Novice: 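Before anything else, here's the structure in question.
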Amino acid sequence: MDSSSSGEVTNLLQAVRAGQAGATDQLLRVVYSELRRIAAAKLGQRGGSDELCPTELVSEAYLRLLGKEVVPEWEDRKHFYRTAALVVRNILVDQAKRRGAKVHGGKARHIEITDQVPGKHSGSLDMVALDDALTELEQIRPPAAEVFGLEYFAGLTHDEVALSMDLPVSAVRRHWDFARGHLARRLYGDESAN
């Protein structure tokens with residue numbers, strides 16, 4: 001999300017609510033473009049996969065966000081990004097669960113983690129385990145879970161998350177560090193994680 005388009009979703013939502021001609025079509029184009037950006041960023045972190053491509057992720061997210069002839073109920077672009085991050089998370093978890101269920105005794109889908117979860121641990125991570133750890137984090141410190149979700153699942157930067165959550169960048173960094181530490185402990189048993 002660049003600064004020139006940062007308020008575009010909010011403005012278009014207001015235009016849709018006001019019944020402005022063509023606003024719905026414009027909103028859908030912007031949302032689809034943002035979902036493509038999010039999908040490319042998310043799947044790019046995982047590396048190539050023949051199981052889920054950006055177009056499939058975008059299509060599924062688009063359907064879950066908009067459904068059939070549903071008028072978006074997002075309050076503003078902030079609400080859109082929060083919702084989009086949750087939808088992408090749910091799609092990836094659902095896909096991991098389906099993959100694990102395809103073969104009797106099959107294992108859950110593993111995803112590549114880059115620098116999202118800290119420490120000496122690299123390689124793959126069970127998406128279902130990540131979802132469980134994030135659900136726990138949502139109970140312990142909801143803002144930290146939201147920051148992680150916006151960055152990891154929606155592909156936003158610290159600055160964009162700060163804008164989206166109306167927080168200073170320093171607070172976003174603190175929440176990010178807490179989330180990464182919590183996830184490292186939960187996923188890897190790493191007690192040295194901050």
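Computed from a predicted model, the values in this text were never measured in an experiment. Quick note: residue numbers are just sequence positions, from 1. What you see below is based on every heavy atom in this structure, not just the backbone, and it leaves out hydrogens, waters and symmetry mates.
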Novice: Taking all non-hydrogen atoms of both residues into account, name the closest pair between Leu163 and Lys78 and its distance.
Specialist: O-CE, 3.6 Å
Novice: Any salt bridge (Lys or Arg N to Asp or Glu O under 4.0 Å) involving residues 141-150? Give me the pairs, sequence neighbours left out, ordered by first then second residue.
Specialist: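 Passing the test, one end in residues 141-150: Arg82-Glu146.
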Novice: Could you list the residues that satisfy side chain to side chain contact (heavy atoms under 4.5 Å, CB included) with Asn11, not counting sequence neighbours?
Specialist: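 Result, side chain to side chain contact (heavy atoms under 4.5 Å, CB included) vs Asn11: Gln14.
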Novice: Hey, what do you get for CH2 (Trp176) to NE2 (His158), rounding to the nearest 0.5 Å?
Specialist: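 It comes to 6.5 Å.
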Novice: About how many Å separate CZ of Phe148 and NE2 of His182, when rounded to the nearest 0.5 Å?
Specialist: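 Answer rounded to 0.5 Å: 10.5 Å.
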Novice: Please enumerate all residues that pass side-chain hydrogen bond (donor to acceptor under 3.5 Å, both in side chains) together with Glu138, with sequence neighbours excluded.
Specialist: Arg89
Novice: May I ask you to decide if His79's main-chain N or O and Thr83's side chain share a donor-acceptor pair within less than 3.5 Å?
Specialist: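 A pair under 3.5 Å: yes.
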Novice: Can you tell me how far apart CG (Leu35) and CD (Glu60) are? Round to the nearest 0.5 Å.
Specialist: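 Separation between the atoms: 11.5 Å.
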Novice: Pairs in or reaching into residues 11-37: which pass ring-ring contact (aromatic ring centres under 6.0 Å, His included), with residues at least two apart or in two chains?
Specialist: Tyr32-Tyr62
Novice: Are Tyr152 and Leu130 side-chain neighbours, meaning at least one heavy-atom pair lies under 4.5 Å?
Specialist: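 Result yes, sub-4.5 Å side-chain heavy-atom pair found.
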Novice: So which heavy atom on Ala162 is nearest to which on Val169, and how close?
Specialist: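 That closest heavy-atom pairing would be CB-CG2, 3.8 Å.
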Novice: Taking side chain to side chain contact (heavy atoms under 4.5 Å, CB included) as the test, write out the residues that go with Arg174, two or more places apart.
Specialist: Ser170, Ala171
Novice: Under the side chain to side chain contact (heavy atoms under 4.5 Å, CB included) rule, collect the residues that match up with Asn90, sequence neighbours excluded.
Specialist: Arg64, Leu86
Novice: Starting at CZ of Phe153, measure out to CG of Leu92 and round the result to the nearest 0.5 Å.
Specialist: 6.5 Å
Novice: How long is the span from the CE atom in Met165 to the CG atom in Leu150, to the nearest 0.5 Å?
Specialist: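 Separation between the atoms: 6.5 Å.
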